[in-house]
Amino acid sequence: LIKPDQGDAVIDGASIISNPAEARSKIGFLTSELKLEEFFTPNYLFDFFSELHQVPPALRDQRKKILFQRFGIQQFAEVKVANLSTGMKQRLGLARVLAGQAELLLMDEPFASLDFLTREELQTQLLGIQQKMPRTIILVTHQLDEAVLLGQKIIVMHSDSTVREF
């Protein structure tokens, strides 16, 4: 996290000023431009990020089974990321973010690079996961239909100021 010039933000009780490591551990981040290491496999990456977020092995394995099945990753679990389609990489990115125990998910245009059918499927999957594993999600999108579908509160911004809140 970037240290602010002034003020503080507290994420689930952790200050980004006095306890930045704990604050970071409570945030998951996903963009449309995934930065997944191309020579690793989905299995390896899921395990790595679970360990990074101190997810116990039994819980990690349970989550991996559920998320890989939900996102259709299981048959690609040992395929190198370099050989996955953009849609499959984004599915893996979403599973990776959900591997940890983050209470806050920041999603910056996570579905922007996907074709219509894959985008619609992943949006539906995210809604289902949100019902089973509720978390706060801040979603940045330029797609009003996506905001209406996924959002409980919508803020329209222009030039760094709030234009309208729904």
Side-chain angles (χ1 to χ4, degrees), residues 1-37 40 42-74 81 89-114 119-144 146-157 160 162 165-166:
L1 297 173
I2 299 170
K3 188 175 180 181
D5 294 333
Q6 61 184 12
D8 194 2
V10 179
I11 301 163
D12 197 27
S15 162
I16 65 167
I17 301 294
S18 62
N19 199 347
E22 185 180 350
R24 266 193 302 274
S25 74
K26 296 175 180 291
I27 300 173
F29 188 67
L30 181 65
T31 69
S32 63
E33 295 181 28
L34 291 174
K35 304 295 185 217
L36 299 172
E37 294 295 335
F40 291 129
N43 260 336
Y44 177 85
L45 287 170
F46 192 92
D47 292 351
F48 175 80
F49 282 98
S50 294
E51 187 174 322
L52 186 68
H53 291 284
Q54 301 174 339
V55 177
L59 181 57
R60 174 203 65 207
D61 293 344
Q62 178 186 18
R63 280 187 184 163
K64 183 172 23 175
K65 181 179 179 184
I66 291 167
L67 292 170
F68 275 32
Q69 183 177 4
R70 179 173 284 265
F71 294 130
I73 300 170
Q74 68 274 22
V81 170
K89 287 178 185 177
Q90 199 64 8
R91 292 167 195 261
L92 174 58
L94 191 52
R96 176 192 55 84
V97 166
L98 296 168
Q101 301 176 79
E103 294 297 321
L104 172 64
L105 302 181
L106 302 175
M107 302 180 129
D108 185 10
E109 297 278 356
F111 309 120
S113 63
L114 302 176
R119 181 182 321 120
E120 191 173 73
E121 179 187 341
L122 287 180
Q123 290 168 341
T124 301
Q125 294 287 359
L126 181 60
L127 285 171
I129 288 169
Q130 181 65 358
Q131 288 176 348
K132 291 180 181 178
M133 300 167 33
R135 299 161 191 224
T136 299
I137 300 175
I138 297 176
L139 174 72
V140 176
T141 183
H142 290 90
Q143 306 301 320
L144 185 57
E146 183 172 75
V148 170
L149 175 68
L150 299 175
Q152 293 177 339
K153 183 176 190 177
I154 299 171
I155 298 174
V156 178
M157 298 182 74
D160 297 331
T162 300
E165 193 173 319
F166 302 92

- Query: Do Val156 and Phe166 come within less than 4.5 Å of each other through their side chains, counting heavy atoms only?
  - Reply: yes
- Could you tell me the separation between the NZ atom of Lys65 and the CZ atom of Arg70, rounded to the nearest 0.5 Å? 14.0 Å
- Test side chain to side chain contact (heavy atoms under 4.5 Å, CB included) applied to Met107 and Val140, Leu94, Thr141, the passing residue: Leu94
- Can you tell me how far the CD1 atom of Ile73 sits from the CG atom of Leu45, to the nearest 0.5 Å? 10.5 Å
- Just do the side-chain contact (heavy atoms from CB on, under 4.5 Å) check on Lys64 and Asn43 with the steps written out, would you? CA-CA 8 Å; Lys64 183 172 23 175; Asn43 260 336; 3.1 Å; yes
- Tell me, with the steps shown, if Arg119 and Gln90 meet side-chain contact (heavy atoms from CB on, under 4.5 Å). CA-CA 10 Å; Arg119 181 182 321 120; Gln90 199 64 8; over 6 Å; no
- Query: For Arg91 and Leu122, what are the C-alpha separation, side-chain angles and deciding distance, and is it a side-chain contact (heavy atoms from CB on, under 4.5 Å)?
  - Reply: CA-CA 7 Å; Arg91 292 167 195 261; Leu122 287 180; 3.7 Å; yes
- Query: About how many Å separate CD of Glu146 and CD1 of Ile154, when rounded to the nearest 0.5 Å?
  - Reply: 10.5 Å
- Task: Go through the steps to decide whether Leu150 and Phe111 satisfy the test side-chain contact (heavy atoms from CB on, under 4.5 Å), and finish with yes or no.
- Result: CA-CA 12 Å; Leu150 299 175; Phe111 309 120; 3.9 Å; yes
- Query: Are the side chains of Phe71 and Ile129 in touch, meaning some heavy atoms are under 4.5 Å apart?
  - Reply: yes
- Query: Do the side chain of Glu109 and the main chain of His142 share a donor and acceptor less than 3.5 angstrom apart?
  - Reply: yes
- Item | CA sep, side-chain torsions, deciding dist, call: Arg60, Glu51, salt bridge (charged side-chain N to carboxylate O under 4.0 Å, His left out) | CA-CA 8 Å; Arg60 174 203 65 207; Glu51 187 174 322; 5.5 Å; no
- side chain to side chain contact (heavy atoms under 4.5 Å, CB included) partner of Lys26, chosen from Leu104, Asp12, Val10: Asp12
- Item | Ring center gap for Phe68 and Phe46 short of 6.0 angstrom | yes
- Task: Measure the spacing between CG of Asn19 and OG of Ser25 and express it to the nearest 0.5 Å.
- Result: 8.0 Å
- Task: Check side chain to side chain contact (heavy atoms under 4.5 Å, CB included) between Val97 and all other residues, then give those that pass, not counting sequence neighbours.
- Result: Leu30, Leu105
- Item | Shortest non-hydrogen contact from Leu98 toward Arg135 | O-NH2, 3.7 Å
- Message: Testing the basics here: between Ser50 and Ala99, what is the closest heavy-atom pair and its distance to 0.1 Å?
- Response: OG-CB, 3.5 Å
- Item | From His53 atom NE2 to Ile27 atom CD1, the distance as rounded to the nearest 0.5 Å | 10.5 Å
- Note on the structure: Smallest heavy-atom separation, Ala23 atom then Ser15 atom, equals CB-O, 4.0 Å
- Side chains of Leu149 and Leu127 in contact at under 4.5 Å (non-hydrogen atoms): yes
- Message: To the nearest 0.5 Å, what is the distance between CD on Glu103 and CE on Met133?
- Response: 9.5 Å
- Side-chain contact, heavy-atom cut-off 4.5 Å: Arg96 with Leu67? no
- Hey, does Gln123 have a side-chain heavy atom less than 4.5 Å from the side chain of Gln143? no
